[in-house]
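Input: a single structure, listed below in C-alpha cells.
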Amino acid sequence: MSMLKEIQKSLFKKKATVLYPFKEREKVHIPEGFRGKIVFDRDKCTGCLLCARFCPSGACEIVADEKGKRPIFHLELCLFCSQCQEVCPKGAINLTEEFELAAFDRKAFTIR
Amino acid sequence: MNFLLELLQILVFPGVLFAIGLAFVYEWLDRKIYARLQNRVGPLYTGPSGILQPFADFIKLLAKEDIVPNEVDKPLFNALPIFALTLSLTGFLALPITDLRGVISFNGDLIFLIVLMTLICIVIMYSGISSANRFSTVGAERAALQLLGYEIPMMLSAISIGILASSMWVYDIVSIQANSGWFLISPGILGFAIFVLCGQAELERIPFDIPEAETEIVAGWLTEFSGRKLALFRLTKDVELLYLSGLVVALFLGGPSGPVMPGLEFILYPLYFLLKTLFVLFLLTTLRALFARLRIDQMVNFSWKYLVPIAILQVLIVRLVV
Amino acid sequence: MQEEELQKMEKKSAYELFFDIPVGPQHPALKEPAFFKFRVEGERVVGVDVDVSYNHRGIERALEDRNYIQNIYLIERICGICNVAHTLCYAQAVEQLHGKEIPPRANYIRLMIEELARIHSHTLWLGVAAHEIGFDTLFMYVWRDREVVMDLIEMLTGNRVTTAINTIGGVRRDVSDEAKDKVNKGMNILEERLKYYRKVALNDPTVNARCSGVGILKPRDAIKLCAVGPTLRASGVKNDVRRDDPYTLHDEVPFNVITFDTMDVFARVLVRIDETLESVNMIRYCLDHMPNGDVRIKLPLSPPVGEAVSRVEAPRGELIHYARSNGTKNPERYKVRTPTFGNIPSVSEMLTSKSDYEVNIADIPIVLASIDPCFSCTARMEFRDVSKGKTWIWSLKELKAHCKK
C-alpha cells in the first residue's frame, strides 16, 4: 500500500517515456563530449601511425595513399573509446556526437 | 425466428464475438492503465493509441509453430485450451448485459457461475500436469494450492449476497437492486472487498500470480503451450477478466440497471454494464500495480487467517440484516 | 541436507519424493548464464549444485597480447556495470608498477566517478530485485530515476556505460564548473527519491513478506565462506576495502560503513540503499573540496619489472587485480578475482534447507539476486585440448590431484 499515492499521481503526470524516434526525436539531448562517430581530417595527418598502435580492437587500419601512410577507420570494429583522438599529436581525429549509425551497406562503415 | 434470434444472441451479441472483442479492449485498457500507473506509455503504435495490440498479439500467436513435446498426454494437451475457452465463454453468456437476465438464466445459476470458475482452475491444473515438464508440475501444484486458498472466501461472499436477496437466481438479485437501489452493497461491502481480492487470485494476477510466476518457474503451467494453444489460453484469461468483472457488477453493483427510458433499454443497459465493469477493472489493475508477488504458503496463510473469518463475519452480518 | 539423509528419506516412500529443477543456463531469474540444479520436495529446496563457467571469454590470456594502453579498454569490458571499478583497479596496479603518484585533482575525479557508478549499480540492482519478487511498479520507478545518474555519467565521461575515464596516470577528462552544478542538482533529486524508496522498502507489507527471513547467512559462515561486499556487511561484519585498505582518497573523504544485523535479503536491500545515500554525500564532498591542478601525468608505456596487487571496493564487493610485468609493453601475467566469484559458496549455503530454516522454490530468484550476481566476471579457468577439440572443467578434487602429481 505504500506506493499508492505515488502511482495515483502518475496517472496525471507527464510520462517519463520519450517517444523516440517517431515523434519526439528532438527531445533526446546528447551532451557535448559524447563519443560518437569518428571524423578524420586528412590534411592534418602526418603518418605517425600512433593511432593504429594504440587502437584496442584493430579498427584503425593503415593504408597508403598518394601523400603517404594514413589510417582508415572501420566503424563496425570500433569501440568508440577515443584513444586514437587522445594520442594523435595533430588533432586529426575527432569523435562527434552522432550516434545513429545503422546502415544497409557495409561501405558506410569505413571512414576515410 | 426465435431460434434464429437466440443463435444470433449466443454467437454475436452479447455472445461469443462480443465477448472476444470486449476482452481484447479490456486487456488493452488493463495494460494502458497499468503503464500509466508506472509513469510510462503502454501499447502505442498498433491502431489508434495501441488499441489493436492484444488483437495483434493473438493473430501473431496463431501464426506461430505449435510444438507438442513427445511425452505429453496428447489428447488432454490438445483439448485443454479449447475446454478453458469454452468454460469462460459459457460463463460470460450467463451474465446480465442487455437485459436484467443473461442469455443463459435459470434458478440457482449463482452456484453455476461460481463453479465455472473452479472448473477453469481444474483445467489449469490438468494443463500443468499433462505437460511433461518440471516447471509445469510445480505450477499446477501451486494452482491447486491457491484454489484451496481463495475458493472458500469467494463462495461465502457470493452466497451472502444470495441470502440478502433471498434467492440463488442472478436475475432475482439484479432485479431487486434495479427496483430499490443498490442496497445490496452496503451490508455487503466486506463481501465486495473479499470478492475483488479473491477474484485477483482467481485470475492469477499480481499479487497472486504464483502459479505462473515468471521469474521463478519460467511460465508455470503455461510453459509448454505455444502457437494456437497459447493464443487460446491468453484469450481465456482475458475473457475471464471480463467475466469476473461482470459477475462483481451483477452481484454487488446492480448489474446493468440504472436510470432508463423505456424504449432505449437495449442501448443503455450495455452502457451501464460497460461503465461499471470499467470501474471494477480499474480496481483490479490498481491492485496489480501496488504489490509484490506473494509466496504460496504466505498466500494460503493470509487467506485462511484473514479472508475466511471476514467472509464468515459477512455472512453473519447478512443474517442479522435479513 | 546430506546425500545419505536424502537417500534414506527417498527409500522410505513408495513414489519419487525428490526431483531436480534446473535454473539456468537460460532462465528468467538470471540475467547471465549460470547453472543451478535444485533438488526439491514439493515446494521445499533440499539441495543445490552450482556451475558458473558459461561466460568464460579468455580475457586473462587476451590481456597478455596487448599493450598496457589497449588493455584499459579490454579490462573495462569484463563487466559492464562495474567497469569503473575494473579500470580503477587496473590503473592503480599499473601505477604501482611504475611507482608513481597521480595528482590530487585526478584522485577526486576518480572518486566521484567511482561513487556515481556505485549509485548506478545499486539502483539497477534495486530495480532487478523488485522485478524478481514481482514488484514491477517499483522496478519501473527506480529505473526511471536511474536515468538521472546515467545522464550525469554521460555528460562527464562521454558514454553511459563504458566510461573509459580512468587511464594510466590519472583521468582523461576534466570536470568543468557547469558540470559540477549539474552533478549537484542531480544529487539533490536522487537523494529525495532514494529516501522515498527506502521508505517503500521498509513499509510495504509484501516486500517484507518476501524478503524477511529469507536467504539467511550467519556471520560465522559468511567469514568462513569468504563472502564479500554487501552480502558480508548485511550479516553484521564491518568489512569494507575503502575503510580497511584505502585507495584513491577514501581516507580523506568521510563516510560510514553500513552494516545490518538481520542477515537476510531484507538486510541486503537496506545495506545497498544506505550505501547509495552515503555515495551521494561523498560526491557532494568531492565537489566542494576539489583542488585545482592537472588531471594527468605522462607515464612511459613499459613499466619496470615487478609485481603489483591492487584492491578496490566494487559495487559488488572486493575486487582484486594482480599484475606482473617483465619490462615489455605487454603484461606478462594478469589475474582478476571478481567479487561474485567469492560470493558463490555463500549463495550455495543460503539456498540449502537446514533443520530450522526452510528454502522454498519461490525464494530462489530473490536470494540469487541478493548477492548481486555478475556471472560475466566469474569463470576463470577451463581446459582445452586443441588436438581433440574438447573443452572441460575440473572440479576441486581433480585440480588438487593434478597439483599433487
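Per chain, numbering begins at 1; letters A, B, ... match sequence-line order. Model, not experiment: these values are computed from the prediction. What's counted below: heavy atoms across the whole structure, side chains too, no hydrogens, waters or symmetry copies.
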Nearest 0.5 Å, what's the CG-CD distance between B/Leu290 and A/Gln8?
8.0 Å
A/Lys67 NZ: over 12 foreign heavy atoms closer than 6.0 Å
yes
State the CD1-OG1 distance between A/Ile7 and B/Thr285, to the nearest 0.5 angstrom.
10.5 Å
So, taking the atom named CG in B/Leu44 and the one named OG1 in A/Thr17, what distance separates them when rounded to the nearest 0.5 Å?
9.0 Å
Minimal non-hydrogen separation, B/Arg40 against A/Lys15, with atom names:
O-CD, 4.3 Å
Could you check whether atom CD of A/Glu32 has more than 12 heavy atoms from other residues, nucleotides or ligands sitting under 6.0 Å from it?
no
Answer with side chain, backbone, both or neither: which region of A/Lys14 has an atom nearer than 4.5 Å to a non-hydrogen atom of chain B?
backbone
Taking everything shown except A/Arg70 itself, do over 12 heavy atoms lie less than 6.0 Å from its CZ?
yes
Do other residues, nucleotides or ligands put more than 12 heavy atoms under 6.0 Å from the OH atom of B/Tyr306?
no
Does A/Lys13 have more than 12 heavy atoms from other residues, nucleotides or ligands lying within 6.0 Å of its NZ?
yes
